[in-house]
*Asks:* 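Sending over a structure as structure tokens; questions will come in a sec.
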Amino acid sequence: MTQQAIIIDTDPGQDDAVALLLAAASPELELLGVTAVAGNVPLRLTTLNARKVLELAGRTDVPVCAGADAPLGAVPLVTAEHVHGDTGLNGVDLPEPALPVDPRHAVDFIVQTLREREPGTVTLCPLGPLTNIALALRQAPDIATRIKRIVLMGGGFFEGGNVTPAAEFNIYVDPQAAHEVFTSGVPITMAPLDVTHQVLTTAARIAAIRALPNRVGSVVAAWMEFFERYDEEKYGQDGGPLHDPCVIAFLLKPELFTGRDCNVRVETQSELTRGMTVIDWWAVTGLTANAQVLRHVDADGFFSLLTERLARLG
């Protein structure tokens with residue numbers, strides 16, 4: 001089996017944590033490293049949480065590097081403790097990890113890894129704000145042609161935003177970084193709110209995960225129940241969207257998803273629409289497509305994959 005080499009850039013977050021577990025449990029993926037960025041909670045906590053999750057998965061072979069602690073420019077960091085809790089992983093207490101923080105800065109790790117690997121063999125998987133990815137492209141423009149693809153969770157179009165009427169959280173936190181990534185020329189696949197809002201943590205799906213005969217099942221079920229309460233109240237539905245695991249599921253089973261190639265631009269200035277991903281779904285601008293935009297997903301197939309993989313851990 002030929003493995004896909006990936007680096008996950010993340011700001012855990014319960015849904016980020018589930019994405020990490022899904023990747024850790026999937027032999028099709030060679031997880032080269034995890035780079036942490038400030039987002040859902042500050043960098044100190046996202047770095048800690050990534051280490052906790054990898055230890056839970058039994059993947060202490062994977063290096064964890066701390067990255068950017070603030071967005072590009074003089075922009076204050078926006079966090080989401082109101083969704084994820086004060087630790088970012090509220091819902092269950094995981095032990096302090098023995099897995100150390102890798103001494104390399106996340107940006108240096110990304111650049112070094114891309115330069116050491118054959119061009120076109122490493123996929124970057126950003127699950128949070130795109131600060132580390134933009135900084136890596138700034139520091140080493142030569143890596144743009146070495147990246148196989150960037151598969152990211154972020155943005156929205158038909159669903160609007162989830163932090164403002166126009167903007168999804170990951171893009172809103174650092175719109176300048178998102179702009180630089182989307183104009184980098186690197187092939188991009190984006191999983192926006194339009195697709196992530198279709199994978200809902202319903203009571204039946206959580207029950208199936210809780211019933212798994214391992215520690216991971218009960219932990220993930222507890223995370224989902226904490227995480228979903230905010231969206232259930234907001235949207236009036238059974239379950240909350242499980243955003244970030246869509247990135248990993250796409251790598252494993254792209255046939256679960258449908259979408260189309262579009263031109264995507266990011267608004268960086270407007271007070272009203274800062275962080276908006278302007279997706280030219282109907283090709284009205286005549287601009288060249290720069291991203292594959294995922295639109296629909298087989299939610300039952302997604303949760304079957306997730307549950308089967310989580311069962312392999314521990």
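Because the structure is predicted, anything quoted here is derived from the model rather than measured.
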*Asks:* If hydrophobic clusters are built from ILVMFWY residues whose side chains come within less than 4.5 Å, do Val18 and Val34 share one?
*Replies:* yes
*Asks:* Where do Ile7 and Thr35 land on the side-chain contact (heavy atoms from CB on, under 4.5 Å) test, with the steps shown first?
*Replies:* CA-CA 7 Å; Ile7 296 171; Thr35 52; 4.1 Å; yes
*Asks:* Taking side chain as C-beta onward, heavy atoms only, is Val278 less than 4.5 Å from Val266?
*Replies:* no
*Asks:* Go through it in stages, so that I can follow the logic: the residues are Arg210 and Glu225, the test is salt bridge (charged side-chain N to carboxylate O under 4.0 Å, His left out), and I'd like the CA-CA distance, side-chain angles, deciding distance and then a yes or no.
*Replies:* CA-CA 11 Å; Arg210 180 179 283 108; Glu225 287 182 334; 2.8 Å; yes
*Asks:* Angle between ring planes, His243 versus Phe227, binned at 30° and 60°: parallel, tilted or perpendicular?
*Replies:* perpendicular
*Asks:* Does the ring pair (Phe, Tyr, Trp, His ring centres under 6.0 Å) test come out yes or no for Phe257 and His296, once each step is laid out?
*Replies:* CA-CA 6 Å; Phe257 298 84; His296 295 289; over 10 Å; no
*Asks:* Does Ile8 share a hydrophobic cluster with Leu135, counting links as ILVMFWY side-chain heavy atoms below 4.5 Å and allowing steps through other members?
*Replies:* no
*Asks:* Let me confirm one number: the CE-CZ distance from Met276 to Phe157, rounded to the nearest 0.5 Å.
*Replies:* 7.0 Å
*Asks:* With a 4.5 Å heavy-atom cut-off, do Ile150 and Val181 have their side chains touching?
*Replies:* yes
*Asks:* Only one of Val37, Val107, Ile110, Ile143 forms a side-chain contact (heavy atoms from CB on, under 4.5 Å) with Ile133, so which one is it?
*Replies:* Ile110
*Asks:* For Phe182, does the six-membered ring have the charged nitrogen or CZ of Arg265 within the cation-pi criterion, i.e. under 6.0 angstrom from the centroid and within 45° of the normal?
*Replies:* no
*Asks:* Salt-bridge test for Arg115 and Asp142: reply yes if a basic N is under 4.0 Å from a carboxylate O, no otherwise.
*Replies:* yes
*Asks:* For a 4.5 angstrom cut-off between non-hydrogen side-chain atoms, does Thr123 reach Leu251?
*Replies:* yes
*Asks:* As an exercise, state the distance from CG of Asp69 to CZ of Arg44, rounded to the nearest 0.5 Å.
*Replies:* 12.5 Å
*Asks:* For Asp93 and Arg215, which heavy atoms make the closest approach, and how far apart are they?
*Replies:* O-NH2, 4.0 Å
*Asks:* Is a side-chain donor-acceptor pair under 3.5 Å present for Thr87 with Asn90?
*Replies:* yes
*Asks:* How close do Ala38 and Thr46 get, heavy atom to heavy atom, and via which atoms?
*Replies:* N-OG1, 4.4 Å
*Asks:* From Leu20 CG over to Leu56 CG, what is the distance, rounded to the nearest 0.5 angstrom?
*Replies:* 10.5 Å
*Asks:* Quick one: does Val151's side chain get under 4.5 Å of Ile248's, heavy atoms only?
*Replies:* no
*Asks:* Go through it in stages, so that I can follow the logic: the residues are Leu99 and Arg59, the test is side-chain contact (heavy atoms from CB on, under 4.5 Å), and I'd like the CA-CA distance, side-chain angles, deciding distance and then a yes or no.
*Replies:* CA-CA 9 Å; Leu99 176 63; Arg59 292 297 305 272; over 6 Å; no
*Asks:* Looking at Arg295 and Glu159, does any basic side-chain N land under 4.0 Å from a carboxylate oxygen?
*Replies:* no
*Asks:* I need the minimum non-hydrogen distance between Ala144 and Ser184, along with the two atoms involved.
*Replies:* CB-O, 4.3 Å
*Asks:* Do the charged groups of Arg274 and Glu267 touch, with an N to O distance under 4.0 Å?
*Replies:* no
*Asks:* To the nearest 0.5 Å, tell me how far Cys246 SG sits from Leu22 CG.
*Replies:* 10.0 Å
*Asks:* With sequence neighbours excluded, what pairs up with Asn263 under the side-chain hydrogen bond (donor to acceptor under 3.5 Å, both in side chains) test?
*Replies:* none
*Asks:* Out of curiosity, does Met224 fall in the hydrophobic cluster containing Leu305 (side-chain heavy atoms, cut-off under 4.5 Å, transitive links)?
*Replies:* yes
*Asks:* Should Arg312 and Glu308 count as an ion pair when the cut-off is N to O under 4.0 Å?
*Replies:* yes
*Asks:* Indicate yes or no: does Glu30 engage Arg117 in a salt bridge with an N to O separation below 4.0 Å.
*Replies:* yes
*Asks:* Is a side-chain N or O of Thr164 found less than 3.5 angstrom from the main chain of Ala167, in a donor-acceptor match?
*Replies:* yes
*Asks:* Determine the minimum heavy-atom distance between Ala17 and Pro12, stating which atoms define it.
*Replies:* N-CB, 4.5 Å
*Asks:* Is any side-chain heavy atom of Pro192 less than 4.5 Å from a side-chain heavy atom of Thr277?
*Replies:* no
*Asks:* Pro42 versus Thr79: any side-chain heavy-atom pair under 4.5 Å?
*Replies:* yes
*Asks:* Under a 4.5 Å cut-off applied to non-hydrogen side-chain atoms, are Ser304 and Arg309 in contact?
*Replies:* no
*Asks:* Please tell me whether Val75 and Tyr172 are part of a single hydrophobic cluster in this structure, the criterion being side-chain heavy atoms less than 4.5 Å apart.
*Replies:* no
*Asks:* If I take atom OG1 from residue Thr113 and atom CZ from residue Arg146, how far apart are they, to the nearest 0.5 angstrom?
*Replies:* 11.0 Å
*Asks:* Take Leu89 and Val53 through the test side-chain contact (heavy atoms from CB on, under 4.5 Å) and record every step on the way to the result.
*Replies:* CA-CA 10 Å; Leu89 287 182; Val53 174; 4.0 Å; yes
*Asks:* Below 4.5 Å, heavy atoms only, C-beta onward: do Lys148 and Thr121 meet side chain to side chain?
*Replies:* no
*Asks:* Looking at Glu118, I'd like to know if its CD atom is crowded, meaning that more than 12 non-hydrogen atoms belonging to other residues, nucleotides or ligands lie closer than 6.0 Å.
*Replies:* no
*Asks:* Would you mind telling me which of Leu31, Asp61, Asn49 makes a side-chain contact (heavy atoms from CB on, under 4.5 Å) with Leu54?
*Replies:* Leu31
*Asks:* As an exercise, state the distance from CD of Gln198 to CZ of Phe302, rounded to the nearest 0.5 Å.
*Replies:* 11.5 Å
*Asks:* Considering all heavy atoms of both residues, which atom of Pro129 and which atom of Asp9 are nearest to each other, and what is their separation?
*Replies:* O-OD2, 3.9 Å
*Asks:* Is it true that Glu28 and Lys253 have a side-chain N and a carboxylate O under 4.0 angstrom from each other?
*Replies:* no
*Asks:* The test is side-chain contact (heavy atoms from CB on, under 4.5 Å); show your working for Val264 and Trp281 and say whether it passes.
*Replies:* CA-CA 9 Å; Val264 180; Trp281 185 259; over 6 Å; no
*Asks:* Verify, without hydrogens or angle tests, whether Arg205 (side chain) and Leu200 (backbone) share a donor-acceptor contact under 3.5 angstrom.
*Replies:* yes
*Asks:* Thr10 and side chain to side chain donor-acceptor pair (under 3.5 Å): which partner among Asn132, Asp15, Thr47, Asp16?
*Replies:* Asp16
*Asks:* Is a donor on one side and an acceptor on the other found under 3.5 Å between the side chain of Asp11 and the backbone of Asn40?
*Replies:* yes
*Asks:* Identify, with sequence neighbours excluded, every residue that meets side-chain hydrogen bond (donor to acceptor under 3.5 Å, both in side chains) alongside Thr60.
*Replies:* none
*Asks:* Is there a donor-acceptor pair under 3.5 Å between the side chain of Glu168 and the backbone N or O of Asn170?
*Replies:* yes
*Asks:* Among the clusters formed by ILVMFWY side chains lying less than 4.5 Å apart, do Trp223 and Val41 turn up in the same one?
*Replies:* no
*Asks:* Of the non-hydrogen atoms in Gln292 and Thr189, which two are nearest, and what is the gap between them?
*Replies:* OE1-OG1, 2.8 Å
*Asks:* Is a donor on one side and an acceptor on the other found under 3.5 Å between the side chain of Asp174 and the backbone of Leu72?
*Replies:* yes
